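Below: the structure, in structure tokens.
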Amino acid sequence: MTLARRAVVALPLAAVVERGFGAGLAEFWKQASSPTAVEALRLTLLMAAIMTAVNAVFGIVTAYVLARYDFPGRGLFNGLVDLP
């Protein structure tokens, strides 16, 4: 990895760490444990769990259909699945 690529990752990460802990660990913990932050974290984890289950179901169905059936547009559909 080149220095420029490392800098693209490292500089924003360093800025987040500096901003987060700039006022000290106690202030960070106070902000991170506030009711708003805890609720945001809970909602994030809940949505991540739900979307993991949805992606698993749709991924299995898509793989099954692509492996078992031959239909018009199958190549395009397979290409769209592989695109991301």
Side-chain angles (χ1 to χ4, degrees):
M1 196 185 268
T2 66
L3 182 61
R5 287 184 182 174
R6 289 181 188 182
V8 166
V9 173
L11 287 176
L13 184 60
V16 167
V17 170
E18 191 277 326
R19 281 276 182 112
F21 294 104
L25 191 57
E27 181 64 23
F28 170 78
W29 184 251
K30 179 182 162 192
Q31 294 296 325
S33 61
S34 71
T36 303
V38 170
E39 184 61 24
L41 183 58
R42 189 190 72 75
L43 180 63
T44 299
L45 293 175
L46 176 66
M47 288 297 109
I50 290 170
M51 290 314 300
T52 298
V54 168
N55 280 329
V57 169
F58 279 102
I60 290 170
V61 170
T62 300
Y64 182 79
V65 167
L66 285 173
R68 289 291 213 163
Y69 299 107
D70 193 21
F71 54 90
R74 180 173 178 243
L76 178 63
F77 184 56
N78 192 18
L80 290 174
V81 168
D82 289 340
L83 188 62

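Being a predicted model, the structure only gives us computed values, none of them experimental. One-based numbering along the sequence shown.
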Nearest heavy-atom neighbours spanning Pro12 and Ala7: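 Result for this residue pair: CD-O, 3.8 Å.
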- prompt: Where is the tightest heavy-atom contact between Ala37 and Gln31, given as atom of each residue plus distance?
  reply: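 Where Ala37 meets Gln31 most closely, the heavy atoms are CB-O, 3.4 Å.
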Between [X] and [Y], is there a shared hydrophobic cluster once you connect ILVMFWY residues whose side-chain heavy atoms come closer than 4.5 Å?
X: Leu11; Y: Leu13; answer: no
X: Val16; Y: Val8; answer: no
X: Val65; Y: Val81; answer: yes
X: Leu41; Y: Trp29; answer: no
X: Val61; Y: Tyr69; answer: yes

task: Mind checking side-chain contact (heavy atoms from CB on, under 4.5 Å) for Phe58 and listing every partner two or more places apart, or none if nothing turns up?
output: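 Listed in chain order: Val54.
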Approximate separation, where rounding is to 0.5 Å, of Glu39 CD and Thr44 OG1: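 That separation rounds to 9.5 Å.
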field: Distance (rounded to the nearest 0.5 Å) between Ile50 CD1 and Asn55 CG
entry: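 Between atom CD1 of Ile50 and atom CG of Asn55 there are 12.0 Å.
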